[in-house]
A.B. asks: 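Please read through the structure below; I'll follow up with questions.
As the structure is a prediction and not an experimental result, all values here were calculated from the model. Both backbone and side-chain heavy atoms feed into the values below; hydrogens, waters and symmetry mates do not.
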Amino acid sequence: MRIVIIGSVAGGTSAAAKMRRNSEDHEIVIYDMDKDISYSGCGLPYFIGEDYIAREDLTPRNAAWFKKRFNIDIFTEHKVTDIDAANKTLSVKNLLTGETLTDRYDKLIIATGASPSIPDISGIDSANVFPVRNVRSADRIKKFIAEKNPPRALIIGGGFIGLEMAENLKMHGIDITLVEAAPHVMPSMDADMSVYIEEHLTKNGVTLHSGEQVKEISDDGETVITHKGSVIETDMIIVAAGVKPNTGLVKDKGVKLGSHGGIIVNDKMETSIPDVYAVGDCCEVKSTVTGEYIYRPLGSTANKMGRIAGDVITGGDLRFRGVPGTGIFRTFGLAAAQTGISEKEAKERGIDYLVSHNIKENQSKYLKESRELVIKCIIERKTEKIIGVQIIGENGVDKRIDVFVTAMTFGAKISDLFHLDLAYAPPFSTTKDPVMYSGMIIDNALHRGRRLITASELIADRVSFTVIDVRSKADYDKGHIDGAINIPHEELKTRSDVLDKNKKYAVHCNKGTTGNAAQNLLLNLGFKEVYNISGGYSQYNMELKLK
């Protein structure tokens with residue numbers, strides 16, 4: 001059997017390697033229009049920013065290595081220009097010589113990946129405008145920085161790559177301006193979480209233009225004008241406005257595409273055309289949360305899909321189960337992670353959900369390296385299943401998001417989190433890990449009458465609630481919710497007789513824990529409706545910055 005793969009980064013090479021590990025009987029050929037293969041696309045910002053990372057670290061294997069190790073023929077700088085699915089043939093062009101050839105296949109794997117979304121604006125082709133696409137594009141950026149020593153850079157796009165590039169360009173002493181078309185950076189996260197990222201970027205000297213689109217770039221690439229009229233002078237421009245699946249090759253071939261433009265595959269990685277498979281960033285994948293097809297281009301998913309396709313083609317029983325859509329990045333030492341759907345998406349789908357904001361240290365507070373985590377957890381009330389999590393913090397974010405993802409993958413309910421036997425010692429966690437604590441908060445709200453109200457809900461319906469601030473007077477005087485009554489927690493019991501037990505109350509401390517204690521006290525004293533403000537005054541104060 002002759003198997004041809006179009007594309008040789010994560011998905012294509014993973015499929016080829018798995019097929020060869022399963023069998024020595026098949027011919028395996030890969031065509032790729034790029035010069036580099038099997039490279040780490042996610043590592044490009046760090047290759048640009050860090051001097052100790054060599055190009056070879058991102059491209060550890062070449063075509064010769066695959067030929068020697070797996071007897072797989074990889075032809076780089078060869079572009080597949082056409083597919084004839086009826087006759088199982090391909091038209092291939094050698095980009096070095098211009099020569100064209102026809103090849104045949106018994107099984108075909110499409111692993112064409114994704115390309116940067118390039119805005120359709122004048123000046124985007126200027127010499128100092130750089131998309132972040134592959135290792136060669138990173139080479140050009142590094143060369144420009146080394147030769148021109150640009151003092152200023154403008155980044156178009158505030159998603160994963162844009163924010164990682166901001167940190168890594170800053171390492172070269174470059175002043176950063178970031179323009180994001182959406183109302184806030186990281187549009188896939190909720191605004192009440194991305195506000196932490198924006199504040200952190202500002203503290204690190206990044207100039208933000210959220211809610212603005214680049215309208216025009218001057219011919220010399222040194223002036224940018226936004227649709228709001230902002231005029232920004234710069235020395236280089238990085239385009240990080242997202243990516244789109246490379247599906248032009250199959251667009252008119254009968255291959256089913258999804259709403260995001262990616263190829264639709266089943267759990268065997270089969271497309272709608274017999275004997276044609278697809279893997280990686282050119283595909284949409286099924287969400288394990290909603291059952292819908294989503295577009296989440298990540299090297300980890302591409303590797304998984306490639307392994308499954310390679311196994312299926314060689315008679316194996318691996319199947320793709322879908323993904324919740326997990327991602328993580330770091331910018332200026334701050335990590336941000338998410339999985340599942342956002343609150344905004346839950347609302348759009350009409351899901352009856354509950355949200356908690358949990359602000360806790362990642363490890364024992366008395367250790368100097370301890371840092372706060374902000375965990376936003378979203379659950380569906382009916383099933384009590386976790387449908388989305390977003391986490392912001394400097395330390396321990398990766399560990400917590402992975403625990404949540406694992407719990408979601410195996411169908412855990414929110415109350416199950418408290419019963420996890422997670423590793424504890426002061427340098428690694430707290431006695432009640434933040435993951436467990438999130439479970440406790442929502443379980444109390446669902447089953448024990450300890451209702452939560454988010455800052456956005458309170459702001460939208462402020463007149464319905466009497467707000468009681470149970471912090472110290474000193475904290476209250478530094479800043480408080482308009483109209484809030486300050487009754488420190490230690491005085492609440494003795495002063496509660498002046499409060500009407502039939503009114504609706506929202507109590508809060510700084511982050512939520514003492515607010516919960518005050519809520520318990522009032523409920524035990526016979527008050528009817530008492531809510532704890534999710535995340536306390538800290539979260540409320542952050543959300544005020546969105547208004």
Side-chain angles (χ1 to χ4, degrees), residues 117 157-160 162-163 180-198 210-211 241-245 258-262 264 281 283-298 301 321-329 336-358 374-392 397 400-402 404-405 407-409 411-414 438 441-442 445-446 452-457 459-460 534-535 539 542-543 546:
S117 296
F160 284 73
L163 295 175
E180 168 56 52
H184 57 83
V185 301
M186 279 305 294
S188 61
M189 299 182 80
D190 289 314
D192 59 359
M193 294 297 283
S194 68
V195 66
Y196 288 93
I197 303 171
E198 293 191 345
S210 297
V243 297
K244 56 186 178 181
S259 60
H260 306 278
I264 298 295
D281 292 356
C283 298
E284 297 183 21
V285 294
K286 188 167 284 189
S287 164
T288 55
V289 175
T290 66
E292 303 167 2
Y293 277 92
I294 58 176
Y295 188 55
R296 296 291 188 274
L298 283 172
T301 304
R321 300 179 181 180
V323 296
T326 307
I328 188 170
F329 70 94
Q338 63 184 123
T339 192
I341 63 175
S342 65
E343 181 182 1
K344 179 183 176 184
E345 290 172 313
K347 191 175 296 182
E348 289 171 348
R349 286 164 173 76
I351 297 172
D352 184 15
Y353 65 89
L354 179 63
V355 166
S356 78
H357 298 82
N358 176 22
V374 182
I375 302 176
K376 180 175 184 177
C377 187
I378 308 160
I379 66 107
E380 183 180 34
R381 286 181 185 270
K382 181 180 178 181
T383 63
E384 300 183 21
K385 297 289 182 67
I386 308 160
I387 59 174
V389 180
Q390 298 167 40
I391 309 178
I392 306 285
V397 171
R400 273 64 187 209
I401 198 70
D402 285 345
F404 276 111
V405 171
M408 292 167 66
T409 300
K413 293 184 177 183
I414 192 68
S438 288
I441 292 170
I442 299 183
L446 281 174
L452 298 169
I453 184 168
T454 65
S456 59
E457 289 171 334
I459 292 168
S534 183
Q539 183 64 35
M542 291 299 288
E543 293 195 36
L546 300 172

A.B. asks: What residues form a ring-ring contact (aromatic ring centres under 6.0 Å, His included) with F160, not counting sequence neighbours?
C.D. replies: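 ring-ring contact (aromatic ring centres under 6.0 Å, His included) check on F160 returns F329.
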A.B. asks: Where is the tightest heavy-atom contact between F404 and C377, given as atom of each residue plus distance?
C.D. replies: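 Closest approach of F404 to C377, heavy atoms only: CE2-SG, 4.1 Å.
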A.B. asks: What heavy-atom pair brings S194 and M186 nearest, and what distance separates the two atoms?
C.D. replies: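 Nearest pair, atom of S194 first, then M186: CB-O, 4.4 Å.
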A.B. asks: Would you say I414 and L354 make side-chain contact, with heavy atoms under 4.5 Å?
C.D. replies: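 No, too far: nothing below the 4.5 Å cut-off.
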A.B. asks: To the closest 0.5 Å, what do you measure between CG (D281) and CZ (R296)?
C.D. replies: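 D281 CG to R296 CZ: 12.5 Å, rounded to 0.5 Å.
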A.B. asks: Distance check, rounded to the nearest 0.5 Å: M542 atom CE versus M193 atom CE?
C.D. replies: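 CE of M193 is found 9.5 Å from CE of M542.
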A.B. asks: Quick check: do T409 and T288 have side-chain heavy atoms less than 4.5 Å from each other?
C.D. replies: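 Heavy-atom side-chain distance check fails, nothing below 4.5 Å.
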A.B. asks: Just so I know, are the side chains of V389 and I375 near enough to count as touching, which here means a heavy-atom distance under 4.5 Å?
C.D. replies: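 Result yes, sub-4.5 Å side-chain heavy-atom pair found.
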A.B. asks: Between I401 and I391, which heavy-atom pair has the shortest distance, and what is it?
C.D. replies: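 Heavy-atom minimum between the residues: N-CD1, 3.6 Å.
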A.B. asks: Counting neighbours of CZ on R321 that are heavy atoms of other residues, nucleotides or ligands and sit closer than 6.0 Å, is the number greater than 12?
C.D. replies: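 Open: at most 12 neighbouring heavy atoms sit under 6.0 Å from CZ of R321.
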A.B. asks: Taking only residues at least two apart or on different chains, which pairs with a member in residues 339-348 satisfy salt bridge (Lys or Arg N to Asp or Glu O under 4.0 Å)?
C.D. replies: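 Checked against salt bridge (Lys or Arg N to Asp or Glu O under 4.0 Å) - neighbours excluded - the pairs reaching residues 339-348 are E343-K376.
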A.B. asks: Considering all heavy atoms of both residues, which atom of G388 and which atom of M408 are nearest to each other, and what is their separation?
C.D. replies: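 Here G388 and M408 meet closest at N-CE, 4.3 Å.
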A.B. asks: Could I get the full list of side chain to side chain contact (heavy atoms under 4.5 Å, CB included) partners for L298, not counting sequence neighbours?
C.D. replies: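 Listed in chain order: S300, T301.
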A.B. asks: Quick one: are K286 and E292 in side-chain contact, heavy atoms under 4.5 Å?
C.D. replies: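 SC-SC contact between K286 and E292 ruled out.
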A.B. asks: Just so I know, are the side chains of R381 and L446 near enough to count as touching, which here means a heavy-atom distance under 4.5 Å?
C.D. replies: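 Yes. Closest side-chain heavy atoms under 4.5 Å.
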A.B. asks: Look up atom CD1 in I379 and atom OG in S438, then write down how far apart they are to the nearest 0.5 Å.
C.D. replies: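 Result: 12.0 Å between the selected atoms.
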A.B. asks: How close do S210 and P183 get, counting heavy atoms only, and between which atoms?
C.D. replies: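 Looking at all heavy atoms of both residues, the closest pair is CB-O, 3.4 Å.
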A.B. asks: Is the side chain of E543 donor-acceptor paired with the backbone N or O of D192 at a distance under 3.5 Å, no angle test?
C.D. replies: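 Between the backbone of D192 and the side chain of E543 there is no qualifying donor-acceptor contact (under 3.5 Å).
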